[in-house]
Amino acid sequence: MKKLLKYFMFIFAAVAIAACGGDDNDEPEDPSNPSSSIDLSVKSITIPYDGIRELDCPEQISLGFDTQRYHSESRIYVTAKYVTAHMVYIGPGADITSIKTVPSEGWYYASYDPQEGKYAIEYYNGGKAYYIRLLIESFNYDASGNKIGLNAKYQLFTPEN
């Protein structure tokens with residue numbers, strides 16, 4: 001009986017040691033540690049008025065479009081589940097890849113009365129800043145001329161500055 005117990009303890013120890021092995025790729029996702037295999041392709045997104053869409057990036061960053069209470073103009077805003085996020089309007093333009101640097105001032109969680117053009121989104125994770133370039137290509141309007149949605153492209157990037 002003692003030999004059988006020793007045999008089972010040996011097998012249990014061997015299985016426990018094997019279960020602890022492996023590499024970093026089999027670890028669960030941790031929101032405070034972004035993945036090193038980030039998709040850098042340009043993605044398109046359409047956001048309806050009063051809608052919010054999650055961006056395809058390592059953290060749960062979302063972009064919304066609505067009119068906030070106590071404000072008459074529309075806004076686009078950025079939210080994040082696990083990290084702090086801000087955005088800034090860079091200027092007019094139609095080429096998302098022309099966003100190569102980011103300003104040091106003017107960052108807010110929302111942009112009121114948004115315009116077509118270039119924006120940057122900044123979020124922090126683990127004390128490090130990450131960036132998304134955003135291009136609002138066009139707005140969708142109803143018959144009365146009110147904005148009812150937007151069409152945009154976005155891409156993760158590393159600024160040159």
Side-chain angles (χ1 to χ4, degrees), residues 22-161:
D23 58 18
D24 291 338
N25 293 334
D26 63 358
E27 296 299 320
E29 289 296 322
D30 177 4
S32 66
N33 185 13
S35 171
S36 61
S37 59
I38 296 175
D39 182 4
L40 298 177
S41 62
V42 176
K43 306 226 181 342
S44 296
I45 189 169
T46 298
I47 304 172
Y49 190 76
D50 273 342
I52 187 165
R53 295 289 186 267
E54 189 171 319
L55 303 181
D56 183 17
C57 61
E59 284 69 29
Q60 292 177 331
I61 307 293
S62 297
L63 194 62
F65 180 51
D66 68 8
T67 300
Q68 187 181 26
R69 191 182 345 192
Y70 310 118
H71 292 279
S72 59
E73 68 270 8
S74 60
R75 69 176 180 156
I76 56 171
Y77 61 95
V78 61
T79 64
K81 187 168 185 176
Y82 296 110
V83 296
T84 302
H86 301 89
M87 68 186 313
V88 64
Y89 177 69
I90 294 176
D95 180 14
I96 192 168
T97 60
S98 68
I99 305 170
K100 298 191 182 306
T101 61
V102 295
S104 59
E105 298 177 336
W107 295 90
Y108 297 99
Y109 76 97
S111 178
Y112 289 92
D113 193 23
Q115 308 298 311
E116 292 177 6
K118 301 180 288 187
Y119 294 78
I121 297 171
E122 173 184 64
Y123 63 92
Y124 286 87
N125 193 339
K128 184 176 178 192
Y130 296 89
Y131 296 91
I132 300 170
R133 45 186 164 202
L134 173 72
L135 175 67
I136 297 181
E137 297 179 295
S138 63
F139 289 96
N140 303 323
Y141 296 90
D142 65 12
S144 301
N146 299 312
K147 292 178 183 173
I148 59 168
L150 64 85
N151 303 303
K153 289 183 179 178
Y154 67 95
Q155 180 183 38
L156 297 165
F157 81 113
T158 301
E160 294 176 353
N161 55 337

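All of these numbers come straight from a predicted model, not from anything done at the bench.
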Participant: What residues, two or more places apart in sequence or in another chain, satisfy side-chain contact (heavy atoms from CB on, under 4.5 Å) together with S138?
Facilitator: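 S138: side-chain contact (heavy atoms from CB on, under 4.5 Å) contacts with E116, N151.
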
Participant: Please round to the nearest 0.5 Å and tell me the distance separating atom OG1 of T158 and atom OH of Y130.
Facilitator: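 Between T158 OG1 and Y130 OH, I get 9.5 Å after rounding to 0.5 Å.
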
Participant: Under the ring-ring contact (aromatic ring centres under 6.0 Å, His included) test, which residues partner F65, sequence neighbours left out?
Facilitator: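 F65 satisfies ring-ring contact (aromatic ring centres under 6.0 Å, His included) with Y49, F139 only.
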
Participant: For the pair L63 and I52, evaluate side-chain contact (heavy atoms from CB on, under 4.5 Å) and give the outcome as yes or no after the intermediate values.
Facilitator: CA-CA 6 Å; L63 194 62; I52 187 165; over 6 Å; no

Participant: Check side-chain contact (heavy atoms from CB on, under 4.5 Å) between Y108 and all other residues, then give those that pass, not counting sequence neighbours.
Facilitator: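 Y108: no side-chain contact (heavy atoms from CB on, under 4.5 Å) contacts found.
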
Participant: Going by atom types only, do E73 and Y112 share a side-chain donor-acceptor pair under 3.5 Å?
Facilitator: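 No, because no side-chain N or O of E73 sits under 3.5 Å from a partner of the opposite role on Y112.
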
Participant: Identify the heavy atoms of T101 and I90 that sit nearest to each other, and give their distance.
Facilitator: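 Between these two residues, the closest heavy atoms are O-CD1, 4.1 Å.
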
Participant: Going by side-chain contact (heavy atoms from CB on, under 4.5 Å), name the residues that satisfy it together with L135, two or more places apart in sequence or in a different chain.
Facilitator: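 Result, side-chain contact (heavy atoms from CB on, under 4.5 Å) vs L135: I96, K118, E137.
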
Participant: Check whether any side-chain N or O of Y154 sits under 3.5 Å from a backbone N or O of D56 as a donor-acceptor pair, and report yes or no.
Facilitator: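 Looks like yes, one N/O pair under 3.5 Å.
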
Participant: Would you compute the distance between atom NE2 of H86 and atom CD1 of I121 and round it to the nearest 0.5 angstrom?
Facilitator: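 Interatomic distance, H86 NE2 to I121 CD1, rounded to 0.5 Å: 12.0 Å.
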
Participant: If the condition is ring-ring contact (aromatic ring centres under 6.0 Å, His included), which residues does F157 pass it with, not counting sequence neighbours?
Facilitator: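 Scan of F157 (ring-ring contact (aromatic ring centres under 6.0 Å, His included), adjacent residues dropped) gives none.
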
Participant: Answer yes or no: is there a side-chain heavy-atom contact under 4.5 Å between I61 and T79?
Facilitator: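 I61 vs T79: side chains apart.
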
Participant: Are V88 and V102 packed together at the side-chain level, in the sense that at least one heavy-atom pair is separated by less than 4.5 angstrom?
Facilitator: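 No, their side chains stay 4.5 Å or more apart.
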
Participant: Which heavy atom of V83 sits nearest a heavy atom of A80, and at what distance?
Facilitator: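 Smallest heavy-atom distance, with atoms named: O-CB, 3.1 Å.
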
Participant: Pairs in or reaching into residues 88-99: which pass salt bridge (charged side-chain N to carboxylate O under 4.0 Å, His left out), with residues at least two apart or in two chains?
Facilitator: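 Residue pairs passing salt bridge (charged side-chain N to carboxylate O under 4.0 Å, His left out), neighbours aside: none found.
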
Participant: Identify, with sequence neighbours excluded, every residue that meets side-chain contact (heavy atoms from CB on, under 4.5 Å) alongside D50.
Facilitator: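 If we apply the side-chain contact (heavy atoms from CB on, under 4.5 Å) test to D50, skipping adjacent residues, the hits are D66.
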
Participant: Quick check: do L55 and I45 have side-chain heavy atoms less than 4.5 Å from each other?
Facilitator: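 Yes, at least one pair of side-chain atoms sits under 4.5 Å.
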
Participant: Any heavy-atom pair between the side chains of P48 and R53 that's under 4.5 Å?
Facilitator: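 Sidechains of P48 and R53: in contact.
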
Participant: Run the side-chain hydrogen bond (donor to acceptor under 3.5 Å, both in side chains) test against Q155 and tell me which residues pass, sequence neighbours left out.
Facilitator: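 Q155 satisfies side-chain hydrogen bond (donor to acceptor under 3.5 Å, both in side chains) with R133 once adjacent residues are dropped.
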
Participant: Taking atom types as modelled, is there a side-chain donor on S41 or K43 under 3.5 Å from an acceptor on the other?
Facilitator: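 Result is yes, a qualifying pair exists.
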
Participant: Could you tell me the separation between the CG atom of N125 and the OH atom of Y82, rounded to the nearest 0.5 Å?
Facilitator: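 Taking CG in N125 and OH in Y82, the distance rounds to 11.5 Å.
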
Participant: Are side-chain N/O atoms of Y123 and E59 paired as donor and acceptor at under 3.5 Å?
Facilitator: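 Yes, side-chain donor-acceptor contact under 3.5 Å.
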
Participant: Could you give the distance from CE (M87) to OG (S111), rounded to the nearest 0.5 Å?
Facilitator: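 Answer for the CE-OG pair, M87 versus S111, is 5.5 Å.
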
Participant: With sequence neighbours excluded, what pairs up with K147 under the side-chain hydrogen bond (donor to acceptor under 3.5 Å, both in side chains) test?
Facilitator: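 Not a single residue meets the side-chain hydrogen bond (donor to acceptor under 3.5 Å, both in side chains) criterion with K147.
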
Participant: Report the distance from atom CD1 of I148 to atom CD1 of I47, rounding to the nearest 0.5 Å.
Facilitator: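 Separation between the atoms: 14.0 Å.
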
Participant: For Y77, give me all partners under side-chain hydrogen bond (donor to acceptor under 3.5 Å, both in side chains), at least two apart in sequence or on another chain.
Facilitator: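 side-chain hydrogen bond (donor to acceptor under 3.5 Å, both in side chains) list for Y77, sorted by chain: empty.
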
Participant: Would you name the heavy atoms of A129 and Y131 that are closest together and state the gap between them?
Facilitator: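 Shortest heavy-atom contact: CB-OH, 3.6 Å.
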
